[in-house]
Every structure is written in structure tokens, then in C-alpha cells.
Amino acid sequence: MSDAQHDHYRVGSFRLDAVPEFGGPRMLPGEMFPALTPERFAAILPKLPPRSFDAASGKIATSVHSWLLRDDAGLVMVIDTGSGNDKNRPSVPMFHMLRNDWLERIAALGVRPEDVTHVVNTHLHHDHVGWNTSLRDGAWIPTFPNARY
């Protein structure tokens, strides 16, 4: 999913929106999958979705995104909170000290941080929990102050 695209789905009274943090060509196939031979990748390539490989750079496209789940009864759930801004991650340069507009993307969907009722972290990798906290006035505070985690 590129930064400019937006996907959503409806199932009954539920709406599920993809909220991208960033995406695009990021890694060579061998960086992501060290055991993958060039021959095997060439065999797999025709089966990949069109947006998942950038032939010009030779890189696999990845996406860091969250999901926003809402229903008609007032549930506002964020599933995985991406990487987050201002996080000190020098060992992972693509996530180090990010500055992006992820919170504005949530706001564009009509949701303020205080509106979020639940946060689900599917697992605790840094690109799934980053927006659990935000740096405000030199202190790390919950981004979603009213949410149950």
C-alpha cells in the first residue's frame, strides 16, 4: 500500500480502514528472505500482487500500517499502532526518529486519539506498538488516553 492509497472494508455494522504509516520499495528480496535464491524469486515473482515488487529498484515493497475498526455502537479500535514518531531506534534506521503524519491520517477518518476505545497489539515488534505512546512536552504519554489495551 502506498502512502497515497486508502483501503476500507465494510462487514455488517463494522467498518475497517487501513491507516498507512509508510510504505513502498524498501528491501532487496535477499535482505528480507536470506535463504531465497534469485532463481526461486524469479519463479515466485509472477504470482506476487503488482504493488509488492518494484522492478526499477529491485526491491520488495513493504507497508507499515494500522487498522481502524469501528461499529455503529461506538467501538473505535486501533489494531497495531505502527512505528510512532520520535522513537530512538538507531539499530533500525528506517524506524529511527520518525516524523510522519499518522495521527493526521487517523484524524482524516474522523477519529481523535481520545475517541479510541480499544487498542489491540497483535505482537510487540517496534513497528506494531510505536503509537501506543507519544512524546509531549518531554514526556511519553499514552496516545489513546481513553483506550483499553
Side-chain angles (χ1 to χ4, degrees), residues 1-11 14-70 76-113 115-145 147-149:
M1 171 185 309
S2 74
D3 290 347
Q5 293 170 321
H6 176 76
D7 294 315
H8 72 269
Y9 308 91
R10 268 213 168 272
V11 178
F14 292 94
R15 177 180 170 128
L16 184 66
D17 290 272
V19 184
E21 189 170 26
F22 61 87
R26 299 272 183 236
M27 303 176 81
L28 295 170
E31 292 173 324
M32 185 174 279
F33 306 106
L36 182 65
T37 66
E39 297 78 22
R40 180 68 181 134
F41 184 70
I44 294 170
L45 185 57
K47 300 173 186 174
L48 295 178
R51 296 185 298 185
S52 59
F53 182 72
D54 179 61
S57 67
K59 294 182 177 181
I60 294 173
T62 62
S63 173
V64 174
H65 60 275
S66 303
W67 294 98
L68 180 64
L69 179 67
R70 294 175 279 180
V76 180
M77 178 185 292
V78 176
I79 303 167
D80 290 330
T81 62
S83 299
N85 283 345
D86 306 307
K87 308 295 183 179
N88 185 20
R89 297 183 176 124
S91 64
V92 190
M94 71 187 285
F95 297 109
H96 180 62
M97 300 307 287
L98 286 177
R99 295 294 310 150
N100 64 53
D101 63 351
W102 185 86
L103 279 178
E104 288 80 9
R105 292 173 190 217
I106 294 274
L109 293 169
V111 174
R112 299 169 301 153
D115 298 333
V116 175
T117 61
H118 295 81
V119 172
V120 173
N121 299 123
T122 61
H123 61 287
L124 302 181
H125 286 164
H126 57 82
D127 58 334
H128 291 256
V129 300
W131 282 104
N132 286 351
T133 57
S134 298
L135 187 60
R136 301 250 169 81
D137 301 321
W140 290 102
I141 63 167
T143 303
F144 308 105
R148 181 173 179 194
Y149 284 75

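Quick caveat, the model's predicted, so the values are computed rather than measured.
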message: Please check: side-chain N/O of D80 versus main-chain N/O of T122, any donor-acceptor pairing under 3.5 Å?
response: yes

- prompt: Is there a side chain to side chain contact (heavy atoms under 4.5 Å, CB included) between I44 and L36 once you walk through the steps?
  reply: CA-CA 10 Å; I44 294 170; L36 182 65; 4.2 Å; yes

message: Tell me the closest heavy-atom pair linking M27 and M32, and the distance in Å.
response: SD-CE, 3.7 Å

Heavy-atom pair with the smallest gap, counting every atom of G82 and S66: N-OG, 3.5 Å

query: Any sub-3.5 Å donor-acceptor pair from T81's side-chain atoms to V129's backbone N or O?
result: yes

task: Evaluate the ring planes of F22 and F95, with Trp represented by its six-membered ring, and classify them as parallel (under 30°), tilted (30 to 60°) or perpendicular (over 60°).
output: tilted

message: Angle between ring planes, W102 versus W131, binned at 30° and 60°: parallel, tilted or perpendicular?
response: parallel

- request: Return the minimal non-hydrogen interatomic distance between D54 and S57, and the atom names on each side.
  value: OD2-OG, 2.6 Å

task: Spell out, as yes or no, whether a donor-acceptor pair under 3.5 Å connects the side chain of R70 to the backbone of V111.
output: no

Distance-minimising heavy-atom pair for T143 and S134: OG1-OG, 2.5 Å

query: Would a distance-only check, ignoring hydrogens and angles, find a side-chain to backbone donor-acceptor pair under 3.5 Å from N85 to N100?
result: yes

query: Are any side-chain N or O atoms of R15 and backbone N or O atoms of H8, one a donor and one an acceptor, separated by less than 3.5 Å?
result: no

